[in-house]
Engineer: 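Input: one structure, supplied below.
Atoms considered below: every heavy atom in the structure, side chains included; atoms not considered: hydrogens, waters and symmetry mates. Just so we're on the same page: letters track the sequence lines, and every chain starts at 1.
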There are 2 protein chains.
Amino acid sequence: MRSLWEEFNRLGTEMIVTKAGRRMFPTFQVKLSGLDPLADYVLLMDFMPLDDKRYRYAFHSSSWLVAGRADPAAPGRVHFHPDSPAKGAQWMRQIVSFDKLKLTNNLLDDNGHIILNSMHRYQPRFHVVFVDPRQDSERFAHENFKSFTFTETQFMAVTAYQNHRITQLKIASNPFAKGFRDCEPEDWAAGFHALNVYTTSMTPALGYEQQ
Amino acid sequence: MRSLWEEFNRLGTEMIVTKAGRRMFPTFQVKLSGLDPLADYVLLMDFMPLDDKRYRYAFHSSSWLVAGRADPAAPGRVHFHPDSPAKGAQWMRQIVSFDKLKLTNNLLDDNGHIILNSMHRYQPRFHVVFVDPRQDSERFAHENFKSFTFTETQFMAVTAYQNHRITQLKIASNPFAKGFRDCEPEDWAAGFHALNVYTTSMTPALGYEQQ
DNA sequence: TTCTTGTCACCTAGGTGTTAATAT
DNA sequence: ATATTAACACCTAGGTGACAAGAA
């Protein structure tokens with residue numbers, strides 16, 4: 001999924017947040033190696049604010065502008081991969097997909113979804129926690145995990161898509177949005193690659209205003 | 001689900017087996033209590049032949065007849081509940097449903113489904129296995145599990161339904177078969193109860209010929 | 001003007017018995 | 001005559017962005 005994430009990131013990824021909770025697209029997924037096949041691990045994700053700002057989208061210039069200081073941060077939740085805990089061998093067997101993770105803007109959410117502020121930027125983080133079988137495992141807690149950040153997965157939380165190109169790329173690449181496609185769905189790989197080439201030449205327009 | 005199982009059992013439950021694997025309906029589900037909330041348990045099911053016979057269905061008399069000795073038994077597989085292993089607290093939190101379990105008649109199945117012989121009778125069994133944390137846990141394996149058999153869940157494996165009343169009860173009670181219902185789906189509980197009363201008076205016709 | 005919410009048609013994904021054709 | 005198989009229409013269940021209405 002890396003190339004798709006990069007494709008979105010070049011345009012400025014947006015993720016919908018809803019009251020009921022919305023999945024991310026692309027889905028965050030990882031391939032693991034180097035784990036102890038016989039040891040237990042817990043896999044989880046959380047989301048860090050990328051800055052202390054609130055944004056707004058200027059339609060006339062098709063760009064994001066700073067709209068002030070960040071709103072109060074919601075209680076920082078984490079999402080445990082539902083297969084946790086599991087053996088290293090199990091995690092390494094195939095790609096691990098966080099497709100059950102949902103984003104919400106409902107501060108009172110009681111479905112365990114990740115709570116984010118709309119119009120704020122976030123960086124997903126991935127954590128692998130070794131389940132230490134030792135008696136005094138707490139003493140080693142600080143060395144029993146590893147965290148990973150993939151900058152191409154950062155995004156703007158929104159309640160509705162702002163950048164039209166993001167909407168089009170979601171429609172083109174998310175199977176559940178197939179109903180909104182114009183052209184032929186057949187041999188979509190070619191279309192994806194074409195988009196790739198097209199957008200890399202558009203990068204100058206994509207920076208976030210930093211003050 | 002017990003009353004639904006009993007309803008089917010009074011008619012002579014049939015379960016479809018297919019090459020690709022078919023779920024059971026009703027689904028086998030249990031409510032657990034008395035587990036150690038902090039201990040790990042594995043939950044699983046297997047299927048015992050109820051006798052050494054092969055059956056055939058006589059449509060003219062609407063009854064099952066013995067058609068000879070049982071065919072060679074397939075390799076006895078087990079189905080681990082996909083949430084296994086998990087803490088007792090987790091298992092007791094809510095009803096445990098074996099809705100991922102599938103039955104197949106394909107002797108070469110490599111999807112991990114339960115392999116059964118069509119036209120043979122089976123008794124599902126449910127097992128709770130305590131995951132013993134002790135070093136020499138093998139020595140206690142014989143006392144670290146408990147098995148449960150619910151006779152109302154026994155059934156005949158079939159590739160197509162034989163008893164018309166079974167077909168009708170499946171259609172009436174399985175949400176996925178709603179497309180085949182004739183009457184009003186509204187307030188279905190009343191219909192279910194009516195069927196209940198109706199069929200209990202029919203029991204004389206339902207015995208399996210024992211030789 | 002900008003942002004949020006709820007409803008909707010349109011999808012994916014997969015669980016039903018039916019049916020017709022075939023096998024035994 | 002009885003048993004099996006594959007294709008099928010019709011469901012459940014739930015993930016999409018569009019859209020209109022409402023809120024800030």
Engineer: What is the distance, rounded to the nearest whole Å, between atom CZ of B:Arg23 and atom P of C:dT16?
Structural biologist: 5 Å

Engineer: Rounded to whole Å, please give me the gap between CD in A:Glu14 and P in C:dC3.
Structural biologist: 11 Å

Engineer: Closest-nucleotide mapping onto DNA chain C: is A:His60 or A:Thr18 further toward the 5' terminus? I mean the 5' end.
Structural biologist: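 Result of the comparison: A:His60.
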
Engineer: Could you tell me whether a side-chain N or O of B:Gln94 sits under 3.5 Å from a main-chain N or O of B:Met92, the two making a donor and an acceptor?
Structural biologist: no

Engineer: Strictly below 4.0 Å: does B:Lys19 bring a side-chain N or O up to OP1 or OP2 of D:dT4?
Structural biologist: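 For B:Lys19, the contact criterion (side-chain N or O under 4.0 Å from OP1 or OP2 of D:dT4) is not met.
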
Engineer: Salt bridge check, A:Lys87 against A:Asp40: does any charged N sit closer than 4.0 Å to a carboxylate O?
Structural biologist: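 Counted as a salt bridge, because a side-chain N and a carboxylate O are separated by less than 4.0 Å.
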
Engineer: From C-beta outward on B:Phe59, which listed nucleotide comes closest to its side chain: D:dC11, D:dT2, C:dG6?
Structural biologist: D:dT2

Engineer: Quick check: does any side chain N or O of A:Thr104 sit under 3.5 Å from a backbone N or O of A:Thr18, one acting as donor and the other as acceptor?
Structural biologist: yes

Engineer: What are the residues of residues 111-119 of chain B, sorted by number, that bring a heavy atom to within less than 4.0 Å of DNA chain C?
Structural biologist: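 Under 4.0 Å from DNA chain C: no residue of residues 111-119 of chain B.
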
Engineer: Ring centres under 6.0 Å, that's the criterion: do A:Tyr57 and A:Tyr55 meet it?
Structural biologist: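 Aromatic pair excluded; centres sit 6.0 Å or further apart.
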
Engineer: Just by modelled atom types, is the A:Leu32 backbone N or O under 3.5 Å from a matching donor or acceptor in the A:Trp91 side chain?
Structural biologist: no

Engineer: Are A:Gln168 and D:dG17 close enough that a side-chain N or O sits under 4.0 Å from OP1 or OP2?
Structural biologist: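 For D:dG17, neither OP1 nor OP2 has a side-chain N or O of A:Gln168 closer than 4.0 Å.
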
Engineer: May I have the distance from A:Arg181 (atom CZ) to D:dG15 (atom C1'), rounded to whole angstrom?
Structural biologist: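 Rounded to the whole Å, the gap is 13 Å.
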
Engineer: Closer than 4.0 Å, any side-chain N/O of A:Lys178 to the OP1 or OP2 of C:dT12?
Structural biologist: yes

Engineer: Do any N or O atoms from the side chain of A:Lys170 and from the backbone of A:Glu14 form a donor-acceptor pair under 3.5 angstrom?
Structural biologist: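 Yes, the answer is positive, given that a donor and an acceptor are paired below the 3.5 Å cut-off.
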
Engineer: Can you figure out which of D:dA3, D:dT16, C:dT16 approaches the side chain of B:Thr159 most closely?
Structural biologist: D:dA3

Engineer: Are any side-chain N or O atoms of A:Asn163 and backbone N or O atoms of A:Arg165, one a donor and one an acceptor, separated by less than 3.5 Å?
Structural biologist: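 Side chain of A:Asn163 to backbone of A:Arg165, a donor-acceptor pair under 3.5 Å: yes, one is there.
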
Engineer: Tell me: CZ of A:Phe25 to P of D:dT16, nearest whole Å?
Structural biologist: 8 Å

Engineer: Rounding to 10 degrees, work out the angle separating the end axes of the helix from C:dT1-D:dA24 to C:dT24-D:dA1 (five pairs an end).
Structural biologist: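 The value is 0°.
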
Engineer: Classify the ring geometry between B:Phe155 and B:Phe47 as parallel (under 30°), tilted (30 to 60°) or perpendicular (over 60°).
Structural biologist: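 Rings of B:Phe155 and B:Phe47: perpendicular, as their planes differ by over 60°.
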
Engineer: Can any side-chain N or O of A:Asp109 pair as donor or acceptor with the backbone N or O of A:Gly112 at less than 3.5 Å?
Structural biologist: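 Side chain of A:Asp109 to backbone of A:Gly112: a pair is present.
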
Engineer: Could you please name the option among D:dA18, C:dT16, D:dT16 that lies closest to any side-chain atom of B:Ala177?
Structural biologist: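 For B:Ala177, the side-chain atoms sit closest to C:dT16.
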
Engineer: Over how many whole Å does the gap from B:Asn106 atom CG to D:dA6 atom P extend?
Structural biologist: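 Spelled out: CG on B:Asn106 to P on D:dA6 is 10 Å.
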
Engineer: Tell me the interatomic distance from A:Met156, atom CE, to C:dC3, atom C1', rounded to whole angstroms.
Structural biologist: 14 Å

Engineer: As a test of reading the structure: which of D:dA3, D:dA18, D:dG15 is closest to the side chain of A:Phe180, going by heavy atoms?
Structural biologist: D:dA18

Engineer: Considering only heavy atoms and no angle criterion, is a donor-acceptor pair shorter than 3.5 Å present between the side chain of B:Arg22 and the base of C:dG17?
Structural biologist: yes

Engineer: Please report the distance, rounded to the nearest Å, between CE in B:Met15 and P in C:dG15.
Structural biologist: 15 Å

Engineer: Judged by each residue's nearest nucleotide on DNA chain D, which is more toward the 5′ side, B:Tyr57 or A:Lys102?
Structural biologist: B:Tyr57

Engineer: Considering only C:dT16, D:dT16, D:dA18, which nucleotide approaches the side chain of A:Ile171 most closely?
Structural biologist: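 Out of C:dT16, D:dT16, D:dA18, the nucleotide with an atom closest to A:Ile171's side chain is D:dA18.
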
Engineer: Which listed nucleotide (D:dT16, D:dG15, C:dC3) is nearest to the side chain of A:Arg56?
Structural biologist: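 Nearest to the side chain of A:Arg56 among the choices is C:dC3.
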
Engineer: How do B:Asn105 and B:Gly179 order along DNA chain D: which one's closest nucleotide is nearer the 5' end?
Structural biologist: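 It is B:Asn105 whose nearest nucleotide is closer to the 5' end.
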
Engineer: Give the nucleotide from the list C:dC11, D:dC11, C:dC3 with an atom nearest to the side chain of B:Phe176.
Structural biologist: D:dC11

Engineer: Nearest whole angstrom, please: distance from the C1' of C:dT2 to the CG of A:Asp71.
Structural biologist: 14 Å

Engineer: Give the nucleotide from the list C:dT18, D:dA3, D:dG17 with an atom nearest to the side chain of A:Tyr161.
Structural biologist: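 Closest nucleotide among those given: D:dG17.
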
Engineer: Whether the side chain of B:Asn117 engages the backbone of B:Pro72 through a donor-acceptor N/O pair (distance < 3.5 Å, no angle test) should be reported.
Structural biologist: yes

Engineer: Taking the side chain from A:Arg77 and the backbone from A:His113, do they hold a donor-acceptor pair closer than 3.5 Å?
Structural biologist: yes

